[in-house]
Structures are given as C-alpha cells and as structure tokens.
Protein chains: 2
Amino acid sequence: MRIVVARCQVDYAGRLSAHLPLATRVLMLKSDGSVLIHSDGGSYKPLNWMSPPCTVREGVAEDGRPEWVVTAGKTDDTLRILIDEVLHDTSHELGIDPGLQKDGVEKHLQELLAEHPATLSDGLTLVRREFMTAIGPVDLMCRDAEGLSVAVEIKRRGDIDGVEQLTRYLDLLNRDPALTRKGAVRGIFAAQEIKPQARVLATDRGIACALVDYDVLRGMDDGAEHRLF
Amino acid sequence: MRIVVARCQVDYAGRLSAHLPLATRVLMLKSDGSVLIHSDGGSYKPLNWMSPPCTVREGVAEDGRPEWVVTAGKTDDTLRILIDEVLHDTSHELGIDPGLQKDGVEKHLQELLAEHPATLSDGLTLVRREFMTAIGPVDLMCRDAEGLSVAVEIKRRGDIDGVEQLTRYLDLLNRDPALTRKGAVRGIFAAQEIKPQARVLATDRGIACALVDYDVLRGMDDGAEHRLF
DNA sequence: GTATTAATTTCGACG
DNA sequence: CGTCGAAGTTAATAC
C-alpha cells in the first residue's frame with residue numbers, strides 16, 4: 001500500500017467521463033493495482049478511483065510533470081493523474097486482511113422472524129422458509145389462525161419495489177388451488193423501516209405492513225434459548 | 001486529514017454489528033470527523049467506516065492500549081478502534097475540494113434521446129420531456145407516425161423495476177381520454193443495456209425494448225450541429 | 001461464470 | 001429537511 005499526498009488533476013474516461021480540477025488530495029495505491037483518490041470530506045467513497053484488476057504506469061506528461069496512467073485489465077477505462085506537487089509519499093506492507101465479520105443483516109432478520117412469526121400477526125405459524133415459486137422464493141410462507149396462507153416478504157428497508165415483488169408472488173400464489181382452498185393468500189410486508197410510498201402502495205393492494213424491531217426479536221430469541229434449560 | 005497505519009482491532013455497533021480481527025490497516029481520519037479503515041485490497045469501499053457527522057475520542061482501553069471511539073452525531077452508531085501498534089502517523093492540510101465534474105449519465109442520455117426520438121422507433125416525435133403524472137414524470141412523451149401516444153422510460157441499465165415503473169405510468173396514462181383518443185398509449189423501454197428478465201417482462205406486457213448507443217447518439221448530435229452551418 | 005439481490009449503500013435533485 | 005431515484009454503484013450468493 002502506497003500513500004501519496006499530492007496536488008493533482010484527474011481525468012477519467014470509461015463508463016462516463018469525469019474530471020477533477022487541480023487540488024491537494026490523498027492518493028491510495030493498493031497492492032492489487034487499484035487506485036483511490038480521496039478528498040478531506042465526503043464519505044467513504046473516493047472522488048475518483050480505478051477498480052482492480054488494473055495497472056498503474058508512471059510516466060511524464062508533455063510539460064514534464066509526472067503523470068500516472070491507470071488502465072483497467074479488461075475494459076478500456078482509463079484514469080489519468082497529473083501530479084503537480086508531491087507533499088508526501090510512503091509505502092507500507094499490510095498483508096492480507098482476515099476480513100469483516102457481520103451480524104444483523106437481512107438473512108438474520110429472516111431467521112429470527114421464522115422463529116417468531118406471531119410477532120408479525122397474531123396466531124401466525126411458519127409453514128416454510130424460502131418457499132419456492134416459479135418467479136423466485138417467498139421469504140416466509142405462513143398460515144394464520146383460520147388456516148389461511150400468508151406470504152411474508154422481508155426487507156431491512158421497505159421500499160416500493162419490495163411491495164411490487166410481494167405483489168408478483170401473491171398473483172402467482174393465488175392461482176394455486178392448494179393454497180387458496182380456504183381463501184385468498186394474504187400478504188405481509190415486513191421491514192425495519194417502511195417508506196411512506198411503499199406503505200401506501202401495500203395498503204392499496206391489501207397487503208399488511210409490519211415494522212420489525214431487530215433488538216426485540218433478538219431478545220425474544222435469548223428468552224427462548226433460556227427456556228430450553 | 002490524518003493518515004495512520006496501525007495494527008488494530010475494530011468493532012462496529014449500529015445498524016448492524018461487525019468485527020475486524022487484529023491486523024495492519026490504514027486509518028483515514030478526515031477533517032469532518034469521519035473515519036475510514038482500509039485494507040490493501042478490496043475496492044474503494046473500506047472494511048469499516050463511520051460517516052459524518054461524527055466525532056473521534058482518543059482514549060485508553062482497560063489494558064492500557066490506545067482506543068479510539070468514534071460516535072455518530074444523531075444515531076447511536078459506535079466504532080471502536082483498538083490500537084496495538086502505530087506504524088505511521090501523519091497529518092496534511094488538504095483544503096476543500098472543487099469536486100468532480102461528470103458527463104455521460106442518464107440525464108445526458110435523456111437529452112440526446114429527446115433530440116433524436118426517431119432512433120427509438122421510426123417516425124417518433126417528441127411531445128414533452130419529463131411529462132408529469134400523478135405518480136411521477138414520464139421521461140419522454142412522444143407521438144408516432146399514426147398519432148398514437150408513446151411513453152418512453154429511459155435507463156442506463158434496463159432492469160426489471162424499470163419495466164414496473166413504465167407499466168405503472170402506462171396504466172395511469174391509459175385512463176386519460178385525451179391521450180387514448182386514437183388508441184392505447186404504447187410504451188418503449190430504452191436503455192444502454194437491457195437485462196434478459198426485464199426484456200421478457202416488457203415483451204410480456206406489450207412494451208417495446210430499445211437499445212441505446214450513447215456514442216452513436218453523441219455522434220448524431222455532432223452531425224446535427226455541423227449541418228447548422 | 002452468470003445472474004440476482006442486498007447494502008452500515010452514498011449521492012444528488014426536487015418538493 | 002425528507003423523499004425518491006441513480007450510481008463508473010460494489011459485494012455476496014444462488015444457480
């Protein structure tokens with residue numbers, strides 16, 4: 001990993017064209033050839049970058065200033081960094097990283113709701129997780145107290161396309177005589193956060209919305225484990 | 001901007017929980033308080049980070065090692081960086097960045113197609129760009145050689161949700177007597193790349209697909225400008 | 001390897 | 001200031 005602080009201009013040509021005027025920035029050159037150009041702000045996204053696999057060629061521009069040309073391996077994307085003044089230049093051996101361990105993403109949410117379906121609607125019991133249909137898997141297929149089938153779509157953030165997805169599933173499921181014997185399949189849209197537009201669309205289509213609290217669910221899970229002893 | 005290379009452990013608690021085992025990494029501390037933790041690989045995304053606004057508090061862990069605690073302003077997100085050994089530590093004044101100038105995004109695609117609607121379908125002429133409806137603006141509203149209304153949805157990458165979007169527009173537009181006097185409103189799904197599933201869904205719903213070549217369109221635009229002289 | 005989906009998405013525009 | 005849609009999205013996972 002090489003870290004350079006330099007006054008520079010940058011031009012990118014590839015899927016789009018982009019230009020960075022002369023200013024002081026941090027250039028990160030990773031060992032896989034990838035390059036990141038960071039300013040002192042924004043967020044984790046660099047102002048410009050080149051994704052691996054790619055190679056950096058250090059050359060000299062017409063006016064004699066150093067110019068680094070980064071080219072992608074497969075595509076014809078090109079990143080040109082014209083160096084005006086180098087303020088800092090160091091290299092460090094980092095080694096390979098063991099990587100990030102995550103907990104609390106959508107998969108975990110689905111696991112917890114599969115164990116506690118009644119938190120979505122009273123009397124709900126799980127029939128199957130990842131219930132396969134011709135157009136994809138329904139997150140949870142349940143049955144309510146009256147024996148009616150209920151399809152549950154789970155999102156971390158409930159957006160309009162999640163409602164569309166559940167609608168497609170319901171359209172298909174309601175053509176299945178085995179599922180609709182006692183009545184139409186109901187839909188529940190479950191998420192930690194539901195956008196207003198998504199809620200409106202869901203309600204309009206007769207789909208119930210359920211807000212999910214991950215911490216509460218995890219707490220219930222602990223309780224269940226305790227009761228086993 | 002402060003750049004630190006250190007052997008460290010990291011723990012994040014917030015929207016999810018995440019952990020990074022002990023390893024050597026690059027820590028970027030931006031002047032707005034945000035922190036990026038980079039390894040020597042991956043892509044432009046850091047292994048872990050904290051978005052601004054946030055504040056870094058440099059403290060000491062129970063065992064005496066330095067521990068940096070980054071807390072978000074509004075939420076209760078917390079990032080803990082336990083420092084095992086500092087290998088490098090420098091600060092640099094970067095100043096505010098003039099920012100990135102882009103060219104070639106969806107807006108430009110829409111501008112070019114508005115000038116050359118016939119490339120989508122023979123005899124097509126533009127009625128209006130950003131034609132407003134109750135559920136949002138239709139990218140291009142056109143008329144074909146027979147005088148029928150044609151709604152065009154433009155995407156850089158044509159995905160299934162783009163087809164859903166156009167379908168919603170068409171449902172609404174086809175209830176407008178002024179538009180449907182000569183017949184139903186047709187739909188054209190235009191994109192630089194159309195995913196197979198999106199194409200199938202569009203075709204199934206009677207929506208035409210049109211592949212758009214940005215470079216060719218830009219070329220036509222140049223030609224048009226030349227012909228003015 | 002390809003295609004689909006989630007993401008601590010981030011970022012910009014618009015009402 | 002929230003909401004909505006695009007992004008050079010990237011990254012993981014299923015097929």
Side-chain angles (χ1 to χ4, degrees), chain A residues 12-18 34 37 41-52 54 70 72 75-79 99-100 102-110 130 132 135-137 139 153-162 165 191-200 214, chain B residues 10-18 34-37 41-52 54 70 72 74-79 99-100 102-110 130 132 135-137 139 153-162 164-165 191-193 195-198 200 214:
Chain A
Y12 168 77
R15 278 160 282 190
L16 58 67
S17 300
S34 59
I37 299 157
S43 183
Y44 69 66
K45 200 175 181 180
L47 289 165
N48 218 327
W49 72 93
M50 188 67 106
S51 306
C54 62
V70 192
T75 60
D76 56 354
D77 291 25
T78 308
L79 187 73
L100 187 69
K102 288 187 190 182
D103 173 48
V105 286
E106 187 187 295
K107 196 174 67 174
H108 301 125
L109 210 60
Q110 194 192 106
E130 301 283 350
M132 274 309 295
I135 54 171
D139 287 336
E153 177 64 33
I154 301 166
K155 293 284 175 199
R156 214 174 52 75
R157 283 166 54 175
D159 222 328
I160 208 161
D161 55 349
Q165 195 180 339
Q192 287 183 283
E193 178 199 346
I194 296 179
K195 294 285 179 69
Q197 277 208 351
R199 187 180 288 276
V200 169
Y214 185 72
Chain B
V10 182
D11 281 282
Y12 169 76
R15 279 159 282 189
L16 57 69
S17 300
S34 60
V35 178
L36 281 63
I37 299 158
S43 183
Y44 69 67
K45 199 175 182 182
L47 290 165
N48 215 328
W49 72 92
M50 188 68 107
S51 305
C54 62
V70 192
K74 210 171 183 179
T75 60
D76 55 355
D77 290 27
T78 309
L79 187 73
L100 187 69
K102 287 187 189 181
D103 173 48
V105 286
E106 186 186 297
K107 196 174 69 173
H108 301 126
L109 210 61
Q110 195 192 107
E130 302 282 350
M132 275 309 296
I135 54 170
D139 286 337
E153 177 63 34
I154 301 166
K155 294 283 176 199
R156 215 176 50 76
R157 283 165 55 176
D159 222 329
I160 208 161
D161 54 350
E164 295 282 15
Q165 195 180 339
Q192 286 182 284
E193 178 198 348
K195 294 285 180 70
Q197 277 208 350
V200 169
Y214 184 73

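Source: prediction; values computed, not measured. Residue numbering restarts at 1 for every chain, and letters A, B, ... go by the order of the sequence lines.
Rounding to the nearest 0.5 Å places OH of A/Tyr12 at 8.5 Å from OG of A/Ser17. Taken to the nearest 0.5 Å, the CG atom of B/Leu79 stands 5.5 Å off from the CE atom of B/Met50. Of the inter-residue distances, the one linking A/Leu109 atom CG with A/Tyr214 atom OH reads 7.5 Å to the nearest 0.5 angstrom. Here A/Leu16 contributes atom CG and B/Lys102 contributes atom NZ; the two are 6.5 Å apart, rounded to the nearest 0.5 Å.
The side chain of B/Val105 lies closest to D/dA7, out of D/dT10, D/dA7, C/dT4. Residue A/Lys155 has its side chain nearest to C/dT5 when only D/dA7, C/dT10, C/dT5 are considered. Of the candidate nucleotides D/dT10, D/dC4, C/dT4, D/dT10 has the atom lying nearest to any side-chain atom of B/Ser43. Distance from the side chain of A/Glu106 is smallest to C/dA6 among D/dA7, C/dA6, D/dT10.
Among the atoms of the strands shown, only primed sugar atoms or phosphate atoms (P, OP1, OP2) are found under 4.0 Å from some heavy atom of B/Ser51. In this structure, B/Met50 reaches neither bases nor backbone, as no heavy-atom distance under 4.0 Å exists between it and the strands shown. At a threshold of 4.0 angstrom between heavy atoms, the contacts of B/Leu100 with the nucleic acid are absent.
One atom, CD1 of B/Ile160, and another, C1' of C/dA6, lie 16 Å apart when rounded to the nearest Å. Atom CG in A/Asp159 sits about 10 Å away from atom C1' in D/dT3, given to the nearest Å. When rounded to the nearest whole Å, the span between NZ of B/Lys107 and P of C/dA13 equals 7 Å. In this structure, A/Arg15 atom CZ and D/dA7 atom C1' are separated by 10 Å, rounded to whole Å. If you measure from atom OH of B/Tyr214 to atom C1' of D/dA7, you get 15 Å, rounded to the nearest angstrom. One interatomic measurement links the two molecules: CG of B/Asp139 to P of D/dA6, which rounds to 8 Å at whole-angstrom precision. To the nearest angstrom, P of C/dT10 lies 6 Å from CH2 of B/Trp49. Put simply, CG on B/Leu16 is 9 Å from P on C/dA7, counting in whole angstrom units.
At a threshold of 4.5 Å between non-hydrogen side-chain atoms, the residues A/Gln165 and A/Lys155 count as touching.
The residue among A/Lys102 and A/Lys45 whose nearest nucleotide of DNA chain D lies closer to the 5′ end is A/Lys45. In terms of position on DNA chain D, the residue among A/Tyr12 and A/Glu193 whose nearest nucleotide sits closer to the 5' end is A/Glu193. Looking at which nucleotide of DNA chain C each of A/Gly42 and B/Lys195 is closest to, the 5′-most match is held by B/Lys195. With the nearest nucleotide of DNA chain C identified for both B/Leu79 and A/Gln165, A/Gln165 has the one nearer the 5' end.
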